[in-house]
Each structure stands twice: as C-alpha cells, then as structure tokens.
Amino acid sequence: AETRVALVPGGPHPFFANWEGGGVDAVKDFGVASSDYRVPQEWKLDMQNKMLESLVSQGYNAFAVFPGDANGTNAMVSELKDFGAPTVSIAGCTQSPSPVEFCLATDVYKSAYQGTMALIEAMGNEGKIVHETSLLIDPNTQLRVAAVEQAIADAQAEGKKVELYQHLTDVDDQEKADQKINALLAGKAHEFDGLVSTAWVASVVTSKALRSSNNEDLKFIAIDHDQIVLDAIKDGVIQGTMLQNPHGQAYIATYALDKLLNGCTIKADAPFSPTPQHTTFIDSGTMLVTKDNIDNWEAEMKAVTDGIMATFDEKFLDCAS
Amino acid sequence: MKNDNLMKRFLAAEWSSLLILSLVMMAAMTIITPRFLNFDNQAILTRSLAPLLIVAFAQAIVIGIGQMNLAVGAIGGMVAVFFGGMMEAWGFPIPVAIAIGFACGVAAGALNGAIIAFSGINGFIVTLATLSIFKGLNLGVTKSIPFYEMPDALVWFGEARFGPFAAILIVPVICVVALAWFLKYNIYGRQILAVGGNAHAAELAGISNNRVTILAHTISGALAGVAGMLSVARLGVGQPTIGGDWLLASFAAPVIGGAILLGGHIPILGTVLGVLVIILIENLLVLYGVDPQYNEFFVGALILAAVGFNHWRSLRAEARLKEGKA
Amino acid sequence: MTDVALKIENATKRFPGVLALDHAALELRPGEVHALLGENGAGKSTLIKIITGVHEPTEGTVWVDGEEVTFKSPHDAMDAGIGAVHQERNLIPRFTVAENIMLEAVPTKRGQVDYAEMRRQAEYWLSELDLDIDPDLPVQRLSVAQMQLLEIARALSLKSRVLLLDEPTASITEHEVQVLFSFLRKLKAQGVAILFVSHKLEEVFEICDRVTVLRDGKNACTNVPISDLNRDGVVAHMVGRDNALSDLGHRAPVDAPTKLELKDVSTRIGHSNVNLHAKKGEVLGFYGLVGAGRSELARALIGADKITGGQVLIDGKEAKISSVQDALRKYQMGYVSEDRKGDGLILAHSVADNIGVTIWHKIAKFGGFVTDTMQRKSVRGFVDRLEVKTPSLQQTLGNLSGGNQQKVSVAKWLAAETEILIIDEPTVGVDIRTKGYLHKLIWEVAEAGVTVLVISSDMPEIVAVADRLIVMNEMQVVGDLPNSRDYDEMSQKIMQSIVGASDLKESA
Amino acid sequence: MPPRPDAVNLNELLARIAKSAGLALIVGVLILIFVYGAQGFTSKFNLFNLTRNLSVAAVVGFGMMVVLALGHMNLALGSTALASVMIMGWVMKVAALPVPVAVGCGLAVGSLLGLLNGWLIVKTKLHSFIITLATASMFLGLVLIMFPGGPISDLPREFTGISKTRYFGWVSGMLLITLVAGVVLAVMYRFTTLGRQMLATGANPDAAELSGIPVSRAILLAHTLSGFLAALAGVMFTARQGSALLSTGEDWLLASFLAPLLGGTLLAGGYVSVVGAFLGAMLVGILQNGLVLIGVPDFWVEFVLGLTLLITVSLDRLRNVLAARRGN
Ligand SMILES: Nc1ncnc2c1ncn2[C@@H]1O[C@H](COP(=O)(O)OP(=O)(O)OP(=O)(O)O)[C@@H](O)[C@H]1O
Ligand SMILES: Nc1ncnc2c1ncn2[C@@H]1O[C@H](COP(=O)(O)OP(=O)(O)OP(=O)(O)O)[C@@H](O)[C@H]1O
Ligand SMILES: [Mg+2]
Ligand SMILES: [Mg+2]
C-alpha cells in the first residue's frame with residue numbers, strides 16, 4: 001500500500017518547523033508516497049486527538065506524533081493501532097507501557113544533564129545555578145528537574161562548589177517568561193552565577209535579557225536553535241545551547257513507518273535504550289553548540305542522523321521479505 | 001479636623017484599599033529582597049506592567065457598556081505580527097508600521113462593534129468567533145514562526161529606561177490619561193457610560209446604542225493593537241503568541257479594580273491598581289522563590305484576598321454612609 | 001403657521017398576538033394640554049412610543065407642523081422638538097442627578113463636558129419643580145417618586161415644543177402635582193403643546209383642554225374639548241358600557257385581636273422608635289410625603305432590610321424575621337413592591353411565572369414538581385379576577401401595559417394567601433375602573449381576616465380605603481388617626497400631623 | 001375582552017420550538033454539506049469519534065449553562081474537573097477501590113468544589129466571575145500540590161471501556177450519559193420548583209428575593225450542580241484518555257460558554273435552553289471536524305472556523321428577525 005505519513009506536533013511551535021523538511025527529504029530519498037507536516041491549531045491534547053482522528057478519516061495510514069500528553073496520547077495511539085496505522089512518537093515520548101512502535105526523541109534527561117554540566121564548566125566549577133523549565137503539568141519537566149539536580153550532585157561529588165539556587169517553572173509563555181525572568185535577574189542576579197534552560201521560550205527570553213543587561217558574570221546554557229539564541233552564542237553573550245534534532249526525527253520516522261507498513265516489524269530484541277519514561281526509546285541525538293561549532297552545527301547534526309540511519313535496519317527492523 | 005476629613009475621603013475612595021494592598025506587598029518584597037526597590041528592578045516591573053495596563057483598559061472600555069471583548073488577545077497578537085512582519089519582510093519604517101498597525105487594531109475593533117450592533121448577536125459570541133478569525137489570520141500568516149529582525153530603534157525603546165521607569169511605560173500613561181479624560185469630559189465618553197448604565201434609557205435619551213457599541217469596540221481594538229505593538233517592542237520579537245495569555249488578566253484587573261460586569265462604570269485608578277496587584281503577586285512569588293507547586297494556589301488566594309479586602313471596605317463605606325444619613 | 005403642532009392618523013401597531021393600536025388618531029395644538037385617556041392596555045403608551053420613534057408603527061402617519069415626518073429613533077423625535085416622559089423610569093442609576101437631567105443636552109465648553117454649567121442648569125430645573133435634591137447625588141439613591149420628578153425635570157429641560165407626558169403623576173403626591181401643574185400652565189402660555197396621560201380624572205379636569213379617549217386601541221372620542229364632557233361621560237367612553245363605577249360601600253371599624261405590633265422599632269436606614277399596631281382583618285393606611293420612609297419601613301418588616309432595635313410582635317409573640325422567605329413561610333407576610341420594574345416583578349418571565357412565584361412550593365407535587373398546566377390552573381383565577389389584559393398566560397410580562405403589570409404584581413401576592421399583606425402604592429398606573437375594583441378587593445381580603453397595610457401617596461385613595469391611618473414624616477410616625485372617610489376632614493388632619501411634626505422639629 | 005388566558009397558544013408553542021429549530025436546521029445543513037463534501041466524514045470511525053467528542057463538549061456546556069441560568073459564571077469549571085478526576089484516579093489506582101466508588105468520589109469532589117464556589121459567592125456577595133477566577137487558580141494549585149507525581153495512568157479497562165462502547169458501530173455510548181444529563185436538566189428547569197427558582201433568581205434577583213424565593217439556596221445548588229457536571233465531563237474525558245491527566249479541563253473555558261450561548265441561553269441569566277446547548281456543542285463539534293476533512297489547510301482552520309461560526313450564527317439571527325417580521 002502507499003504510505004501516507006502524517007507528522008503531527010503537539011501544536012504550533014517553531015521547534016517543529018524543521019520536521020517538514022525532514023519529511024520532504026525522506027519522501028525524496030526513500031520514495032515514500034507522502035510525509036506531511038500537519039499541525040493542530042492549538043496546544044492542547046484534545047485538539048491534537050481530533051486532528052489525528054480526522055487524519056485517519058482523510059486516509060493517512062502512518063503517524064509520527066509528538067505526544068500532546070505522555071499518558072493521554074497512549075489512548076489515542078492504541079486507537080490508531082486498532083485501525084492498522086503504525087505510530088511512533090517523536091521529539092517526545094509517551095509513557096510506557098505504550099502502543100507506539102518506538103520513541104525517537106532527544107533524551108531529555110541526558111540533554112538536561114549535559115547542559116548543566118556544560119554550565120558548571122563555564123562557571124568555572126563553582127557557584128549557584130538557576131534552572132528554567134516549562135509547565136509543571138508537562139511530565140518531562142520532572143525528568144529535567146531530576147537531571148539538573150543529579151548533575152549538580154555529581155559535580156559536588158567531584159568536589160566542585162556548585163549548588164542549585166532555584167527552579168523557575170511555568171515560563172512557556174513569552175510574555176510571562178519575560179516578566180518572571182527579568183524580575184529574577186533584576187532582583188536576585190547577584191545571588192546566583194549561572195542559568196540553564198530546558199525550555200525554548202525561557203532560552204530565548206534569557207538570551208535577550210542577558211544581552212541587554214550586559215551582565216558578563218552570569219553564564220547561560222540554553223536549549224534549541226531559536227535565532228536569538230544562536231546569535232547570542234555567536235556574539236558571546238551566552239555560552240551555549242543544547243541542540244535537538246527535529247529534522248532527523250522526521251526523516252528517520254518517515255523511513256521507519258514506511259518499512260513498518262510494508263511488512264517489517266520491530267525486532268523483539270532491538271537494542272533500545274530505555275529511559276525512566278519509555279522503554280522502546282531511540283536517542284535522536286543531542287549536541288552542545290558553543291561559539292566553536294556555531295557555524296556548522298547543521299552539518300554535524302546531519303552526521304548524527306546519518307549515524308542512526310546507517311545501523312537502523314540492522315538494529316531495529318525485522319523484514320520478512 | 002481637616003486631615004481627618006481627607007483621611008475619610010481617601011478611605012471612601014474605591015481604590016484606596018487596593019493602594020494599601022499594593023503598598024503592603026511592595027513592603028513585603030522589600031523586606032524579602034532589599035534589592036526590590038532598585039531602579040533596575042522597578043524598571044523591570046514597570047516594563048511588564050506596560051502592555052498589560054493597556055490590555056486591561058481595552059477590556060474595561062467594553063465592560064463599560066456591559067459587554068465583553070474576548071478578542072483582545074487575538075487582536076493584539078494579529079497586530080503584533082503584522083507590525084513585525086511589515087518591518088522585517090517589507091522593511092517599512094517604524095512610524096509607518098505603527099500607523100498601519102494602529103489602523104489594523106481600529107479596523108478589527110470596529111468590525112467587532114459593527115457586527116454586534118447590526119446583527120444583534122450577543123457580543124460574547126461575536127468576539128469569540130472573531131477571536132478565531134484574528135488568531136487564525138495570525139497563525140496562517142506566520143505559521144507560528146516569529147519575525148525576528150526588529151529595527152534597533154524599536155528594540156532600544158523596548159529596553160530603555162529612565163531611572164526606575166521603563167521607557168515603554170510612557171505609552172500606557174498616555175493611553176490611560178487620554179481615556180480618563182475621554183470618559184469624564186467627552187460627550188462620547190459619557191455616552192459609553194450612559195449606555196452601560198442603562199441602555200434603554202440612553203436610547204430614549206437619543207443616544208444611539210449601535211454607535212456607542214461600535215465606538216467602544218473600536219477603542220478596545222485600538223488599545224489592544226497598541227498593546228500588541230508595545231509587546232513587540234518589549235520582547236524585541238514579532239511573536240505570534242503575543243496576546244495568547246491576556247484574556248483572564250484583562251478581566252481580572254478591571255474587576256479587581258471595581259468595574260461592574262453589567263456595565264456603566266469604568267474605574268480608572270482601580271484598574272491601574274488592579275494590574276499592579278496582579279503583577280506584584282507574580283513578582284512576589286518569583287522573588288520569594290515559592291515552591292512552584294504552590295504558585296498557582298497563592299495566585300488564586302491572593303486575588304481572592306485582594307478583592308475581598310476591597311469589597312469589605314466598600315461595604316463598610318456604604319454602611320457608614322447610611323448611618324451617617326440617619 | 002398652522003394651529004396643529006402634531007398630528008397622528010391611522011396609527012396601528014400590531015405585536016405578536018396583540019393589536020395594540022387600531023387606526024388611532026390625535027392632534028395636539030400649541031398652548032393646549034391634551035388628555036389621552038383609556039383603560040389599562042388601551043394603547044396610550046404605545047401611541048406615545050410610536051410618535052417618539054421608539055416603536056416602528058405597523059401603519060400610520062405623523063405630521064409635525066403640517067409636515068409629514070418619520071422618526072426612526074428617539075433621537076429623530078428629539079431633533080424635531082418632541083420631548084417625552086415615558087411611563088417606565090428611564091434613568092442612568094450611576095449618573096448623578098445633574099447628569100441625568102442634562103443627559104440629552106450635555107453642556108460643553110471647548111469640546112469638554114462643562115460640569116459646572118451642567119450643575120447650574122440642573123439646579124435651575126430642580127428648583128423650578130420645587131425639588132430639594134442634591135444634584136451631585138447618584139440617581140440610584142433616590143426614591144421612586146423622586147426619580148419620577150427627575151424625569152419630568154429632564155423632559156422640561158429640553159424646552160421642546162411638544163411635550164408628551166405618560167402618567168407623570170402616577171407616583172407623586174398632591175403637592176408635587178400642583179407644582180407640576182403650575183409649571184405646565186407656564187408652558188401652555190409659551191405655546192407648548194402638551195399631551196398628558198393620567199388615570200386620575202380630577203387632574204384631567206383641572207389642567208386639560210381637550211380629550212382623546214382610546215378603547216382597545218381605537219378612538220372612542222377624538223380631540224373633544226373638555227367643556228363638552230363630564231366625568232361620567234369620560235368614563236363611559238373609556239369603559240364602553242354603562243356599568244361604570246360601583247361604589248365602595250361601607251365598612252365598619254374592625255374589632256379583632258391585634259395581629260401585628262411594632263414596639264420602638266428602629267432600622268438601619270434611620271427609622272427610630274416606630275410604634276404601631278394593626279388588628280386582624282384591619283386595613284391600615286400609611287400616608288406620608290415623598291421620602292417619608294414608609295416603603296423602607298415595610299422592607300425592614302419583611303426582612304429585606306435590617307431592623308436594628310425594638311420588637312416586632314405577630315400574634316403577640318416576638319417575630320424573628322431574617323429574610324423575606326422567613327416572612328412568607330413562617331409568618332405568612334407578603335409585600336407588594338412599589339417598584340415593579342426594579343424588584344417587584346420579573347419582566348422577562350411570563351405572566352404565569354410571575355404570579356406563580358409565591359406559590360410554587362405550595363402547588364408542587366412529589367417534592368418539587370410543577371408543570372405549566374398545574375401553575376396555570378392555580379394562577380388563572382387571579383388573572384381573570386383582576387382582568388389582566390394579556391393574550392395568554394405565557395405572555396412575557398414586560399410586554400404588558402404598565403397598569404396590567406401592576407395588576408399582576410398584586411395578583412401574585414393575593415395568590416400567596418398571606419395573613420399580613422403590605423401593599424405599596426397599590427394602584428400606580430391603574431385605570432379608574434380597576435382602581436375601584438382593587439379597593440374592593442382589599443376590603444374583601446381584609447374581610448377574610450387578612451391584615452392589610454396599604455401604603456399610598458394618593459390621599460383620596462388612602463382615605464377611601466383605610467380603616468385607620470398612620471401618618472409618617474422623616475422616618476417617624478407622626479400620627480395615628482381613626483379614619484372617618486370624610487376626605488376634607490381627613491386631609492386636613494393628615495396635613496396637620498405632618499406640619500405639626502416639622503414645626504416641632506424646627507422649634508427644637 | 002381578554003382572550004381565554006389559558007388557551008394553549010399554538011403560536012407560542014411553535015415559537016418555542018422554532019427557537020431551537022433554527023439552530024437544528026443549520027446543523028442539519030452543515031451535516032449535509034460535510035456528508036457530500038468532506039471525504040471520510042461518514043466513516044464509522046469518524047462518526048464514532050465525533051459523537052464521543054460531542055458528548056463531552058455538551059456536558060461541559062451544561063456545566064456552564066446551569067450557572068448562566070443565574071446570570072453567574074463558573075471560570076473554575078476546568079479546574080474543578082481536574083481536581084475531580086485526579087482524586088478519582090487516585091481512588092481507582094492507588095487506593096484500588098472499585099470503579100463505581102472512584103467515579104462516585106470524583107463526582108462528589110466536583111459537587112463539593114462547586115458548593116464551595118456557591119458558598120463564597122453567597123457569603124461575600126462578590127461577582128461569581130472574580131470568585132471563580134480565584135478558585136480556578138486555587139483548585140489547580142491544590143492539585144499540583146497534592147499530585148507532585150503528575151498524571152495517574154493505566155486506569156482499569158472496566159473504566160476506560162465507558163468510552164469504547166458503541167451502538168450501531170458509530171454512536172458513542174457516552175452520548176447516552178449526555179442525553180440523560182440533558183433530559184434531567186430539561187425536566188428540572190421546566191417542571192420543578194427548584195429550576196424555576198433558579199431562573200427567577202437569574203432574571204431578577206431582587207424580585208426573586210422579595211417574592212420569598214430562597215435565593216441563596218438557589219445559588220448554592222446551581223453552583224453545586226455546575227461542579228457536578230464539570231466532574232462528570234471530566235470523568236468522561238478521562239475515560240477517553242485512559243488516564244487522569246493534569247491537562248484535564250485546561251482549555252474548556254471558552255467552549256463551555258460557546259455551546260449554551262449559541263443555543264440561546266442568556267448571559268444575563270433567567271433563560272436557558274438545554275436542547276440549544278446540545279445543538280450548540282454539536283455545531284462547534286461538527287464544524288471543527290468537518291473543516292479539517294474538507295481540506296482547509298491546518299494553519300487556516302482556526303480562521304475558517306471563526307468565519308463559518310459567524311456566518312452560521314448570523315443566518316440563524318436573520319431567520320429569527322425574518323420570522324418576527326412575518327409575525328407582525
Ligand atoms: N412590546 C410589546 N409586545 C407585545 N405587546 C405589547 C408590547 N407593548 C405593549 N403591548 C400590548 O399593547 C397593548 C397596549 O399597551 P399600552 O402600554 O399602550 O397600554 P396603555 O394604554 O399605556 O395602558 P396603561 O394604562 O396600563 O399604561 C397592551 O395590550 C399591551 O399588552
Ligand atoms: N438604598 C437606600 N440607601 C439610602 N437611602 C435610601 C435608600 N432607599 C431609599 N432611601 C431614602 O430613604 C428615604 C425614604 O424612602 P421611602 O421610599 O421609604 O419613602 P416613602 O415614604 O415610601 O416615599 P416614596 O416612596 O413616595 O418616595 C428617601 O429619602 C430615600 O431617598
Ligand atoms: Mg401605559
Ligand atoms: Mg414608597
């Protein structure tokens with residue numbers, strides 16, 4: 001049958017824009033019938049579910065989904081499965097046990113851990129750290145909080161004089177983030193030494209705030225590839241950002257879904273790298289971008305994708321024919 | 001004796017308890033972090049105050065005629081991305097972009113008002129529908145990707161400050177003063193309040209309810225548009241998400257300040273203080289480092305306390321008035 | 001110049017289910033007061049609303065100064081020099097007295113509202129009407145009567161050439177009526193054409209020059225000089241049959257145990273040391289000038305306001321009333337509000353629901369089930385008895401004529417079958433036939449053992465109806481008079497009580 | 001002389017039916033358009049999902065409608081649902097009590113929170129808007145404090161099964177719950193003292209008070225009912241999602257107003273239409289579903305949705321105006 005893949009994010013957000021290219025490239029490279037980027041109108045589970053339902057009605061037969069809710073999306077996926085449509089979760093994982101074929105995403109725990117470690121290094125191995133993260137009701141928030149705390153604990157174990165100052169949550173809305181982060185910087189900047197962000201919006205707002213405050217004492221490791229963040233790294237305003245691999249996620253997912261629809265299955269003994277959240281997890285890659293590699297991160301990221309692709313069939317797929 | 005009178009009059013004013021409340025909160029914050037009173041911090045505070053102030057009045061003017069404008073955020077967001085887009089994609093100079101952006105806000109508001117006036121459909125439904133339309137335009141145009149390249153002058157304006165005041169505060173100050181004058185000393189302003197107070201009576205007095213509806217919504221749209229553009233200046237980015245979060249605060253501030261949802265009364269100082277209280281509550285929680293899990297709870301509790309306090313005072317004042325009459 | 005200021009012909013207005021006006025006609029001349037009469041629901045207010053552009057007529061033509069005009073909105077009518085006081089109160093509660101008076105003609109200076117000038121003009125109109133109200137007071141603090149006077153002041157301030165007054169005297173007392181009349185005479189002299197609607201025929205004969213009577217939306221007589229008519233003639237035109245008015249008859253003083261007693265009652269509003277009592281089956285009248293505090297006392301009695309001191313005894317036992325519900329359920333006490341638009345009736349609901357509201361808990365079956373049919377059954381009798389003019393029981397109450405709304409307001413409390421009934425201004429806006437009928441009804445109810453407290457600003461009414469009279473002034477009882485039912489004698493005694501009390505106060 | 005006042009007036013009866021008939025007609029036309037114009041609209045899969053979504057949306061609408069009857073609002077509808085389903089999930093999963101007990105607990109929590117809203121409104125005499133705005137935050141906050149571990153997933157099949165039942169292969173079983181709730185509400189407003197008291201309170205609180213209606217009790221009960229319905233909607237939503245989610249009710253606010261208002265319920269209070277609220281939910285649900293199927297580009301769906309909504313409402317309005325003219 002023709003494979004018609006739908007790439008469905010949780011809602012409109014610039015992070016996912018690179019999926020579109022990933023899907024298009026996969027269609028070109030692997031001869032898949034189509035791989036379309038379809039966006040729910042709003043960031044809410046209900047909207048996403050309705051979108052998925054209507055996509056089935058429109059004839060899509062394979063899905064790569066960013067779970068609008070790690071638990072809630074499972075129910076939807078099992079219905080897609082009942083309908084005979086293979087589904088993978090990308091960019092974020094569902095909660096296991098889960099009916100998705102696999103989850104291809106950034107290891108948020110690893111990314112937050114590495115980001116915090118990078119920050120500690122940038123701070124010269126001492127000082128207090130603020131962690132900015134997203135909504136409390138987002139389950140990944142818990143993982144990120146844990147990762148940051150673990151990284152700090154590990155650093156302390158190595159004798160570094162670092163400690164956690166505060167978790168600042170609920171900074172997903174641009175205007176709210178602007179107010180909260182600026183209030184924190186203005187009121188208490190002298191009481192801590194570095195910030196690590198695990199949320200897109202907070203990264204953007206903090207990069208801007210640091211640029212305008214000219215506060216060279218504060219170190220900052222952001223997340224994702226917003227232009228403002230990248231520019232801030234180029235100009236040395238902030239120290240780095242943890243990149244994710246949205247293009248690769250869509251690219252690999254399209255490829256795999258096509259295979260799954262055409263007779264392949266996921267190997268029973270596939271070498272997944274389970275996370276606390278998800279058992280059939282595949283790391284889509286993450287990398288730290290600093291001033292040093294700011295100009296060729298796209299190529300480096302492509303290499304990561306190619307690395308996963310090179311061994312994908314062999315590691316994960318069981319194709320009868 | 002005279003002081004006594006002054007004190008009494010102060011206490012009888014509907015905004016007095018809110019003022020006391022904000023002062024108490026500021027004092028609390030100064031104790032928690034002495035740096036709170038820093039010019040730096042004050043500038044940050046006034047900076048986040050600025051767009052919300054305008055938003056609150058965009059809603060207040062419609063509440064004044066006993067209606068609601070659910071589309072304030074959507075208009076703000078739409079104007080914001082048009083404004084950003086004109087400067088980034090078409091390279092329009094700032095004044096031209098401002099003028100066109102303002103016109104967009106006016107047009108959007110006038111559209112709301114005209115539909116409500118001429119169709120007779122409930123304003124709630126109309127503005128809910130246009131909310132979708134304006135937000136849809138925003139999404140359709142931007143595909144949710146922001147406009148980044150804002151002119152330096154605008155970014156500078158968004159960040160500049162004079163002493164403890166953010167430069168952008170000048171915009172809401174002008175808006176609020178103009179609105180206060182308009183509502184008190186302009187015939188059309190009085191007509192808005194008259195229609196809100198008793199639409200039928202106003203109609204019989206020869207005031208066209210339709211015209212007033214259109215006027216109030218147009219002003220609302222214009223203010224929402226200004227708030228949208230101001231947010232672009234403040235954030236330095238033409239964000240499609242601007243306005244997404246305005247709705248509740250836009251109601252909360254005037255209502256905390258003493259506005260009546262049935263219409264007929266727009267508390268100017270009350271609304272300003274209402275915005276201040278909301279911002280202070282959020283700042284207090286950040287500065288106090290309240291465990292994030294408790295955050296939401298305290299926001300609710302503090303709003304309740306603020307309103308309860310204000311209401312208690314007005315009841316007291318009312319009772320005293322009655323007794324005094326006896 | 002023609003000698004007709006305003007003319008309307010073929011005026012027809014059809015509401016769903018109702019033909020309110022049926023080819024009615026009328027003409028107003030400069031310098032004349034023209035009476036528009038008719039029973040409740042005859043179409044008087046509708047005619048005025050058509051002239052002023054509030055309602056679009058189904059048919060009909062209006063001429064002003066001989067020129068045909070069409071008014072699309074009240075604004076147009078105002079521009080053409082037509083001012084009106086409508087039957088229902090139409091004020092902006094939060095605006096001050098001055099602002100309300102000057103609502104149509106806001107004085108401005110350099111584009112700004114000129115508050116000083118506004119106040120000055122408002123004060124002028126207030127003093128013209130001999131009204132002692134602070135122009136800076138918000139209107140929501142005024143009593144119903146004060147509001148009515150305010151509306152008159154507002155219409156006068158327009159200095160219109162045609163002035164339409166729909167029952168301007170319905171809820172004001174004799175004194176204010178006289179002030180108003182002397183002012184109307186002044187306007188007459190200036191050549192203003194005035195239309196005057198009233199159910200009080202004495203007033204009509206006192207001030208009017210011509211009469212038009214409507215009956216069921218049609219002209220029963222048109223533009224007839226008043227000199228050609230007498231009281232009976234007018235009534236015959238209105239009623240359309242001869243069984244016009246029956247006499248109230250006689251009623252012996254009541255000798256029964258005391259039902260309700262107030263001992264040194266004081267309230268939050270300012271009543272102090274109010275002492276009075278009412279017997280079972282007695283009709284106790286309350287008279288007082290505007291703002292005397294009668295309505296407020298009644299509200300306190302039924303638990304809608306706070307009693308701060310003293311005792312209320314019902315059947316000799318101290319009554320504890322903390323809510324209207326208490327009053328109704330525990331003590332079978334009800335209150336017919338004077339403000340039917342404000343808190344008396346639910347205008348948006350049906351006639352049946354408005355009457356049924358006090359008895360739902362009684363007629364409900366199986367612990368709370370009420371159907372429209374059950375309700376209709378219980379309610380129909382009252383509607384028939386009071387001859388409420390409505391196309392059906394499901395008609396929205398707000399669509400009824402003012403007088404008919406008043407009947408519903410009384411019917412609702414008759415339905416409640418209370419033991420103590422307080423009726424505040426029972427016949428505001430009610431036509432003379434129904435008025436007589438209502439008076440009779442009050443007696444009937446009393447005869448059945450109900451203690452009726454009647455508050456009225458209409459002295460003839462109170463003298464005709466009450467067994468005994470309580471006179472109030474400035475929140476105090478200043479007289480407790482047995483009623484001889486002789487109008488001249490009683491009116492003198494009443495005024496003496498009031499004046500005497502004020503004198504006492506002044507000399508103190 | 002006055003016509004027989006109790007003659008059952010055929011015109012009025014027709015008028016009452018016609019009020020909802022306009023909306024019903026529009027919904028019917030929309031269905032026709034989508035049946036022929038939107039590929040996949042009539043598939044059993046789609047219809048099943050449509051009826052399922054609609055069932056929840058209608059109950060949410062009812063939850064707002066019962067306070068709108070008073071002229072009040074309940075901005076805490078979503079948070080109430082959240083608190084109810086989290087506690088229900090806890091009882092079901094952690095305390096491992098039988099499903100009916102857990103559902104009962106959830107509904108009880110919702111009712112209690114509603115009662116709390118009502119009590120605060122009666123005691124403080126503040127506008128319901130501001131009270132429920134504050135309690136919305138507080139309920140959400142309490143849930144975050146009580147459930148730091150986040151959602152409760154993997155609810156028993158016995159429970160999630162509620163959302164999977166279907167009749168004729170395409171009608172969701174949940175529709176039955178909604179219909180029962182609707183009928184009960186309709187009976188309450190038309191045939192009980194309580195319902196009438198609530199409407200009278202909404203239309204004119206002062207007059208209701210002066211007529212001896214227990215206004216405070218009516219307010220308390222209406223808000224309790226609103227809390228109950230919020231919880232019921234939450235339970236249905238949760239059955240569908242398979243887990244008690246922290247995002248429950250997050251975005252119900254505007255939709256909850258939209259359904260009853262489209263159906264003719266007055267924002268000012270005093271009049272409700274249960275059938276109308278159901279049709280309103282249907283209109284929105286069908287539009288959302290059909291517009292995507294008909295091929296409107298994703299980023300423009302929101303725009304087209306608003307536009308069609310406006311057009312349909314205007315058509316209904318136009319029909320009413322024309323009907324009134326004809327009555328003249
Ligand atoms: N908006 C309306 N809708 C339906 N019927 C109406 C409406 N307004 C008035 N009516 C009906 O029209 C008829 C005439 O009413 P109108 O108010 O003109 O009487 P009126 O002569 O002023 O009586 P009253 O002395 O009681 O004030 C009444 O039967 C009334 O029920
Ligand atoms: N809510 C209120 N608060 C303060 N004062 C009030 C209030 N309501 C009425 N008053 C004032 O109390 C006084 C007594 O009014 P009340 O209505 O009892 O008089 P009344 O004897 O019934 O006369 P009438 O109804 O003819 O004016 C009036 O001066 C009125 O302005
Ligand atoms: Mg009338
Ligand atoms: Mg009175």
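Any value given below was found using the heavy atoms of this structure, including those in side chains, with hydrogens, waters and symmetry copies removed. Source: prediction; values computed, not measured. Letters A, B, ... mirror the listed sequences (proteins, then strands); counts begin at 1.
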I need the single residue from A:Phe15, A:Trp19, A:Trp43 that forms a side chain to side chain contact (heavy atoms under 4.5 Å, CB included) with A:Pro9. Which is it? A:Trp19

Of A:Asn74, A:Val56, A:Thr73, the largest count of non-hydrogen pairs under 4.5 angstrom with chain D goes to A:Val56

Between D:Gln241 and A:Asp69, a side-chain donor and acceptor under 3.5 Å: no

Go through the steps for A:His225 and A:Trp200 under the test ring pair (Phe, Tyr, Trp, His ring centres under 6.0 Å), then give the verdict. CA-CA 8 Å; A:His225 53 272; A:Trp200 174 294; 5.4 Å; yes

Would you call D:Glu158-D:Lys164 a salt bridge at under 4.0 Å N-O? no

Counting only heavy atoms closer than 4.5 Å, note whether A:Pro40 contacts chain D via side chain, backbone, both or neither. neither

Is it the side chain or the backbone of D:Phe237 that comes within 4.5 Å of chain A heavy atoms, both, or neither? side chain

Best-contacting candidate, D:Ser153, D:Gly242, D:Gly285, against chain A by heavy atom pairs under 4.5 angstrom: D:Ser153

In terms of heavy-atom pairs under 4.5 Å, which option from D:Val56, D:Val143, D:Leu245, D:Asp251 contacts chain A the most? D:Leu245

Hey, do the aromatic rings of A:Phe281 and A:Phe102 have their centres closer than 6.0 Å? no

